[in-house]
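First the structure, then my questions, so here it is.
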Amino acid sequence: MKSKFIWQILILVGLIFLLTNLVAQNSDCYEKLDFKSFLAEKVENDTSLIRKLYKNIKYPIEAKKYETQGIVEVIILNNSEISTEVIQLNSKDIFPDVSKQIYSALNQVKIDRKKPFITRFYVNFDLDPFRYDSKDSKGFKFGLINDNMIVIREYIVPEIRHH
């Protein structure tokens, strides 16, 4: 039963990905940008947007409670000056409010929305406090890894039992 549901989700994600690619490529009306280019070309203050993303995206309490980690894929689809969509492609049941939180962050900064565009990036929910320590953390640029992923870290403090 669970595997059937997972397959249905994977098919749905694949169809959404296919449709967004077909619309963007066949109609030639959407400019397809990688996330680094989106920050450079469309966002007035890229550092401010990254800060707003980190401030708005919260590690869900239930996911933290069950020590769940994951990577969420997100598409920003700008249809016009007054219509922007944030589409979360996976893990909606585990990390349910990511698209709303990103949409809120986007509305707090100035973005050039005159022409339609599409971009994609990832949100990594990570419970390992030492994964990007020391020299690895120097690879961050504006809080990004590989120019397209932000990492939301939460630390779980283990229970100390007294004997």
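Bear in mind that the values here come from a model prediction, so they are computed numbers and not experimental data. Heavy atoms only: backbone and side chains are in, while hydrogens, waters and symmetry mates are out.
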Using 0.5 Å steps for rounding, measure from the CG atom of N45 to the CZ atom of R51. 7.5 Å
I118 vs N78, test: side chain to side chain contact (heavy atoms under 4.5 Å, CB included). Steps then yes/no. CA-CA 6 Å; I118 185 171; N78 184 71; over 6 Å; no
Shortest non-hydrogen contact from V86 to S99? O-CB, 3.5 Å
Side chain to side chain contact (heavy atoms under 4.5 Å, CB included), that's the test. Do I102 and L53 meet it? Break it down for me. CA-CA 6 Å; I102 293 169; L53 288 169; 4.0 Å; yes
Keeping the roles fixed (side chain from K115, backbone from D112), state whether a donor-acceptor pair exists under 3.5 Å. no
Would you call K42-E31 a salt bridge at under 4.0 Å N-O? yes
Less than 4.5 Å apart, side chain to side chain, heavy atoms only: is that true for I87 and V74? no
The test is side chain to side chain contact (heavy atoms under 4.5 Å, CB included); show your working for F125 and V72 and say whether it passes. CA-CA 8 Å; F125 289 92; V72 175; 3.8 Å; yes
Are R113 and S80 close enough that a side-chain donor and a side-chain acceptor fall under 3.5 Å? no
Report yes if some heavy atom in the side chain of E41 is under 4.5 Å from a heavy atom in the side chain of L33; otherwise report no. yes
Interatomic spacing from CD in Q69 to CG in N124 - rounded to 0.5 Å: 7.5 Å
Side chain Q88, main chain N90, donor-acceptor under 3.5 Å: yes
For C29 and P116, work out which heavy atoms get closest and say how close. O-CB, 3.4 Å
Do the side chains of K100 and D97 get nearer than 4.5 Å, heavy atoms only? yes
For the side chain of D126 and the backbone of G70, is there at least one donor-acceptor N/O pair under 3.5 Å apart? no
For the OG1 atom of T84 and the CG atom of N107, what is their distance to the nearest 0.5 Å? 7.5 Å
Hey, does the side chain of Y54 reach the backbone of V151 with a donor-acceptor pair shorter than 3.5 angstrom? yes
Given 3.5 Å as the limit, does a donor-acceptor pair link the side chain of Q108 with the main chain of S104, or not? yes
Show, in sequence, the C-alpha distance, side-chain angles and deciding distance for F121 and V123, and conclude whether the side chain to side chain contact (heavy atoms under 4.5 Å, CB included) test is met. CA-CA 7 Å; F121 72 103; V123 180; 3.9 Å; yes
Which residues pass the ring pair (Phe, Tyr, Trp, His ring centres under 6.0 Å) test with F117, sequence neighbours left out? F38
I need the S91 OG to I71 CD1 distance, nearest 0.5 Å. 9.0 Å
From T119 OG1 over to K36 NZ, what is the distance, rounded to the nearest 0.5 angstrom? 13.0 Å
Is there a donor in the side chain of Y30 and an acceptor in the side chain of N79, or the other way round, less than 3.5 Å apart? yes
Report the distance from atom CZ of R120 to atom CD1 of I76, rounding to the nearest 0.5 Å. 11.5 Å
Pairing donors with acceptors under 3.5 angstrom, does anything connect the side chains of D34 and S37? yes
